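Input: a single structure, listed below in structure tokens.
Everything numeric here is computed off the predicted structure, so don't read it as measured data.
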Amino acid sequence: MTERYDVVVIGAGPGGYVAAIRAAQLGLKAACVESRSSLGGTCLNIGCIPSKALLQSSERFAEARRGLDEHGIKLGEVSLDLAAMMARKNKVVDGLTKGVEYLFRKHKIDWLKGKGRITAPGRVVVSGEAARDVEAGAIVIATGSEAAPLPGIEIDEKRILSSTGALSLDRVPGRLVVIGGGYIGLELGSVWQRLGAKVTVVEALDHILPNMDQELGRTLQRLLARSRIEFKLGAKVAGARAEGEGVAVALDGGEELVADAVLLAIGRRPYTEGLGLDEVGIARDAQGRITVDRGFATTVAGIYAIGDAIAGPMLAHKAMEEGSALAERLARQQPSIDYDAIPAVVYTAPEVASVGTTEEELKAAGVEYRTGKFPFTATARARCNGDTEGFVKILADAASDRVLGIHIIGAEAGTMIAEAALAKEFGASAEDIARTCHAHPTLPEAMKEAALATLGRVIHM
């Protein structure tokens, strides 16, 4: 007997599991198809969560080695137990993936263990542990993305790594070449640099963090270079080959870099292999992303797609918002998402966070704007914490004062950006932020001062 569901979600990453949970909350009978042995997708298993656990651990290690003397704390020689660090990372991941399993049980969502293939509108064949045919009123494709390849480089996850392999090394490489100056490469490069690797970042463009305000990228590059991460910008990689115990990385122009390990981190691409998209007639764009309308509907009735499988920033929280919004649409509600209010964060030290329009985009569009900037070195809490690097930058419309973009580099930027996203969501003006009382002494005071700066009346500088 064929099982019938109101909603079948293919993929249990952040977008997929949120879509299933929200659908169940709204009274829809939901199932989620997932072939991994644990829920949570790339983010929880081999992406956002394990990388943040290692970033935290490596930052603690670096602080213990060099950052506590000025506080009057003497530790003596500090050593690294990499196995224990990895065990902690795995424990964090295991706890969170089990938490998603609990949420599925709580909301009576069926986990169909196996790979899903769409054979017709309203029908999914699941192969694997839970092999079966299921019928669905709506099918949601939430299969996420995979590491983008580069011609001439074959990943073996031993010496030539994707982000997956870079999260599970059993020793610190003496020399690590990171191909790609985006957030994945910079975060993982930071981890291994703190633990003792000599890191070189190779980026084809002339700047890092290509999707963010370029002033943030320039500042982060300067600060990471101070921590002895080297950068080769405007350099294209022609190939990489195993050589002895290491890897030789060939650059266009004839230069060659030798490393113990290479991390390929040039971005990600939608993962849609084996879903049967072509057979049922689901259209994709030139980048392989599934084409959808504003309601996430594909070109085939009753089939939808969200997250990394469609256009837009490949961010877990973007996928979550889409999963929730789609479930509400299936329940005949009318939610909307302001994509200009979706923040992005790079979890280096210092952190980098951004929401809204960059200065380069405003200039290209010919928009008249005012800029307000305030450095953390002028805030009391940053001085108390010893986290004085960076700034908050607010871009406001010259005529209406509406906030167009907020860009932060500094400690806890990823937390502070929530206020900025809220301001964008509610269409706030710089004056609104400036007249909001911020607790003293806190790092977010820099947000208030940056807003004041756009109005020409900064106080503490």
### Donor-acceptor under 3.5 Å (Asp432 side chain, Ser429 main chain)
yes
### Task
Please lay out, stage by stage, how Val172 and Trp192 fare under the test side chain to side chain contact (heavy atoms under 4.5 Å, CB included).
CA-CA 7 Å; Val172 179; Trp192 294 108; 3.9 Å; yes
### Query
Do you know which of Arg381, His438, Glu412 makes side-chain contact (heavy atoms from CB on, under 4.5 Å) with Pro444?
His438
### Query
Between Arg402 and Asp397, is there a salt bridge with N-O shorter than 4.0 Å?
no
### Query
Any donor and acceptor pair, going by atom type alone, linking the side chain of Trp111 with main-chain N or O of Glu101 inside 3.5 Å?
no
### Task
Before accepting this row, confirm whether a basic side-chain N of the pair Arg194/Glu63 lies closer than 4.0 Å to the acidic partner's carboxylate O.
no
### Message
For His407 and Glu215, which I'm curious about, is there any donor-acceptor pair between the side chains at under 3.5 Å?
### Response
no
#### Entry: Salt-bridge present (Lys424, Asp338; N to O < 4.0 Å)
no
### Message
Does Lys52 form a salt bridge (Lys or Arg N to Asp or Glu O under 4.0 Å) with Glu187? I'd like the steps, not just the answer.
### Response
CA-CA 9 Å; Lys52 302 313 166 283; Glu187 288 181 4; 3.0 Å; yes
### Message
Looking only at side-chain N and O atoms, does Thr358 offer a donor or acceptor that is under 3.5 Å from a partner on Asp213?
### Response
no
### Query
Hey, are Arg284 and Thr291 close enough side-chain-wise for a donor-acceptor pair under 3.5 Å?
no
#### Entry: Donor + acceptor pair across side chains of Glu449, His460 (<3.5 Å)
yes
### Query
Would Tyr369 and Glu359 count as having a side-chain donor-acceptor pair, cut-off 3.5 Å?
yes
### Task
Using a cut-off of 6.0 Å, state whether more than 12 heavy atoms not belonging to Arg435 lie near its atom CZ.
no
### Message
Under the criterion side chain to side chain contact (heavy atoms under 4.5 Å, CB included), I'd like the reasoning laid out for Leu220 against Ile409: C-alpha separation, chi angles, the key distance, then a yes or no.
### Response
CA-CA 8 Å; Leu220 181 63; Ile409 179 168; 3.8 Å; yes
I'd like a table of donor-acceptor pairs (distance under 3.5 Å, sequence neighbours excluded) in which one partner is a side-chain atom from residues 310-320, with atom names and distances.
from   : atom 1 : to     : atom 2 : distance (Å)
His317 : NE2    : Pro343 : O      : 2.6
Lys318 : NZ     : Gly307 : O      : 3.1
Lys318 : NZ     : Ala311 : O      : 3.1
Lys318 : NZ     : Glu322 : OE1    : 3.3
Lys318 : NZ     : Glu322 : OE2    : 3.1

### Short N-O contact, Glu389 and Arg226, less than 4.0 angstrom
yes
### Message
Which heavy atom of Ile208 sits nearest to which heavy atom of Gly181, and what is that distance?
### Response
CB-O, 3.5 Å
#### Entry: Gln221 and Arg218: side chain donor to acceptor below 3.5 Å
no
### Over 12 non-hydrogen atoms of neighbours within 6.0 angstrom of CD in Gln287
yes
### Message
Take a 6.0 Å sphere around CD of Glu245 and say whether it holds more than 12 heavy atoms from other residues, nucleotides or ligands.
### Response
no
